[in-house]
Amino acid sequence: MTTYGDESVDFKYNKQALVESFINASKDPDFKKLVTRLKVKDEIAMKYTSKLQDSVCELKNCAKCKCLEECKNRRKGAVYYPSVQNNMLVFNSMACKYQKEYDAKLENTAVSFEEPYQIRTAAISDIDLTDKKRAPLIKWIKDFYKKYQTDKHIKGLYLHGSFGSGKTYIIAALLNELAKNGAKTVMMYYPRMLVDLKESFSGDFATKMNLIQNCDVLLIDDLGAENVTGWNRDEILGTILQSRMDNSLPTFITSNLNKEELEEHLSYAGSEKNVLKAKRLIERVNQLTEDMELISKNRRV
Ligand code: ADP
Ligand code: MG
């Protein structure tokens, strides 16, 4: 092993390199402005030169940007931004002004129960169009969007098919787009929403049911993944579908089951079989929706 006597040489060399790249970066007025704004000593800032340059680059993108769709940053609608914590710089994704406007608009109109962040924030502009198997669905969605501008009482979709193919994502993106234009939308992850409804019996059960029954556009997400009971089939699902039908309100359903499989699934409440009740529910689903299958690659793997 070769030793060079003074072990601090390496450190000195690194420090020298840090100083040089910091001085170089500081030639950019935007870089200098950001460091000044942070009110942090140069000795600390210079440890983060390359990350700070990333922030500056994203801030420059933002300065030229006119809307969310134009966003060029790593994470859409966000800027990689530093803050000072205990003499260190910590970098986070902060929502930009366009993203904040978008979120505020949705907050007033788009209600979501038990859905994950990606689904709550799904956007039509982010839908991956490269998968040809989705083309008929995307066309359907666009037609719906157009028709909905003049008629608020059109049929939704019973979208069934393979796991992870994007069923929930695409319908959620449509609902968010409608909500941006003022429609009151509700999307609910059905199996977990049932638990939530049960727990809210002594609280806001009626308010939640009222919202689900009467919102402008509803998504019942993952119907068929729940454990069927007489209560959830007849009192919850039956009631929701009936009132949506009575008021001709657009209703979307996603499921891994096709209609025949759904009928079979709904026939059993525990070990008790009741084919007639299941058939009645399927009739309501048919009244409310058009049928479409989506078989595509699993995006979750
Ligand atoms: P499904 O409801 O068919 O089981 P999801 O809609 O939940 O599938 O999609 C699976 C995963 O892929 C989710 O994490 C979702 O956010 C993502 N995803 C689906 N479609 C798209 C898309 N068009 N663009 C970006 N991400 C997508
Ligand atoms: Mg789904």
Side-chain angles (χ1 to χ4, degrees), residues 67-78 93 95 98-99 102-103 106 110-145 156-180 185-196 212 217-228 232 236-237 240-241 250-262 265-266 285 288-301:
C67 62
L68 209 48
E69 285 68 34
E70 270 184 21
C71 178
K72 292 195 170 59
N73 289 349
R74 268 189 295 192
R75 222 184 98 192
K76 191 177 158 211
S93 275
Y98 300 121
Q99 184 67 48
Y102 181 83
D103 290 345
L106 284 188
V111 176
S112 127
F113 294 114
E114 309 286 340
E115 293 284 11
Y117 178 79
Q118 281 156 305
I119 297 299
R120 291 199 312 268
T121 54
I124 288 203
S125 54
D126 286 345
I127 292 179
D128 167 14
L129 300 171
T130 55
D131 186 349
K132 294 274 177 292
K133 292 191 177 130
R134 291 161 161 225
L137 173 60
I138 309 288
K139 181 174 180 321
W140 194 99
I141 295 288
K142 285 190 175 154
D143 287 349
F144 179 96
Y145 183 81
L157 203 59
Y158 181 80
L159 183 60
H160 57 99
S162 57
F163 176 80
S165 55
K167 300 183 294 296
T168 303
Y169 189 91
I170 293 173
I171 305 294
L174 170 67
L175 262 62
N176 284 338
E177 205 64 36
L178 297 171
K180 255 201 301 185
T185 65
V186 172
M187 49 177 122
M188 56 172 177
Y189 182 63
Y190 187 62
R192 273 212 291 279
M193 187 58 195
L194 289 174
V195 178
D196 189 82
I212 295 165
V217 187
L218 173 70
L219 166 60
I220 305 174
D221 186 23
D222 230 348
L223 180 62
E226 78 288 11
N227 290 321
V228 178
N232 67 38
I236 304 295
L237 186 62
I240 294 171
L241 296 179
T251 304
F252 289 81
I253 297 173
T254 69
S255 180
N256 288 329
L257 309 177
N258 64 29
K259 296 257 188 73
E260 290 74 44
E261 292 164 336
L262 182 68
H265 172 78
L266 292 171
V285 171
L288 282 165
T289 60
E290 292 177 24
D291 190 282
M292 192 178 282
E293 185 180 46
L294 179 67
I295 305 284
S296 187
K297 69 174 184 206
N298 183 358
R299 290 174 166 267
R300 295 184 208 214
V301 289

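Each ligand, and each atom within it, is numbered from 1 in the order the structure gives. Count residues from 1 along the sequence.
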### Task
Answer yes if the side chains of S165 and K133 hold a donor-acceptor pair under 3.5 Å, and no otherwise.
no

### Task
Within a distance under 4.0 Å of any heavy atom of D126, pick out the atoms of ligand 1 and give their elements.
24 (N)

### Summary
Only one of L219, V285, L218, V217 passes side-chain contact (heavy atoms from CB on, under 4.5 Å) with T251, and that residue is L218

### Message
Are there over 12 heavy-atom neighbours, none belonging to Q118, within less than 6.0 Å of that residue's CD?
### Response
no

### Message
Could you go through Y102 and T121, starting from their C-alpha distance and side-chain angles, then the distance that decides it, and tell me whether this counts as side chain to side chain contact (heavy atoms under 4.5 Å, CB included)?
### Response
CA-CA 10 Å; Y102 181 83; T121 54; 5.7 Å; no

### Query
Which ligand 1 atoms are under 4.0 Å away from a heavy-atom of T168?
2 (O), 6 (O)

### Task
May I ask whether atom 10 (C) of ligand 1 is less than 4.0 Å from at least one protein heavy atom?
yes

### Summary
Check: of R134, K297, R300, min heavy-atom distance to atom 1 (P) of ligand 1 comes from R300

### Query
What residue and heavy atom of the protein are closest to atom 12 (O) of ligand 1, and at what distance?
R299 CB, 3.3 Å

### Task
Take every heavy atom of S162, measure it against each atom of ligand 1, and state whether any distance is under 4.0 Å.
yes

#### Entry: Main-chain N/O of R300 paired with N298 side-chain donor or acceptor, under 3.5 Å
yes

### Message
Tell me if the NZ atom of K180 is crowded by more than 12 foreign heavy atoms within 6.0 Å.
### Response
yes

### Query
Is the backbone N or O of E293 less than 3.5 Å from a side-chain atom of K167, with the two atoms forming a donor-acceptor pair by type?
no

### Query
Nearest protein heavy atom to atom 8 (O) of ligand 1, by residue and atom, and its distance?
G166 N, 3.2 Å

### Query
Is the distance between the Mg ion (ligand 2) and the nearest N/O/S atom of T168 smaller than 2.8 Å?
yes

### Query
Just how far is it from atom CD1 of I170 to atom CG of D128, taken to the nearest 0.5 Å?
8.5 Å

### Message
Taking 4.0 angstrom as the limit and counting only heavy atoms of Q118, give me the atoms of ligand 1 inside it, by number and element.
### Response
14 (O), 16 (O)

#### Entry: Under 4.0 Å to a heavy atom of D128 - the qualifying atoms of ligand 1, by number
22 (C), 23 (N), 24 (N)

### Query
Is there any N or O on I170 that sits under 3.5 Å from an N or O of ligand 1?
no

### Query
Considering only protein heavy atoms, which is closest to atom 16 (O) of ligand 1, and at what distance to one decimal place?
Y169 CD1, 3.4 Å

#### Entry: Donor-acceptor contact present, side-chain T254 to main-chain D222, <3.5 Å
yes

### Task
Taking only heavy atoms of S165 into account, list the atoms of ligand 1 that are under 4.0 Å away from them.
1 (P), 3 (O), 8 (O)

### Query
Should you measure from each heavy atom of I127, which atoms of ligand 1 turn up under 4.0 Å away?
23 (N)

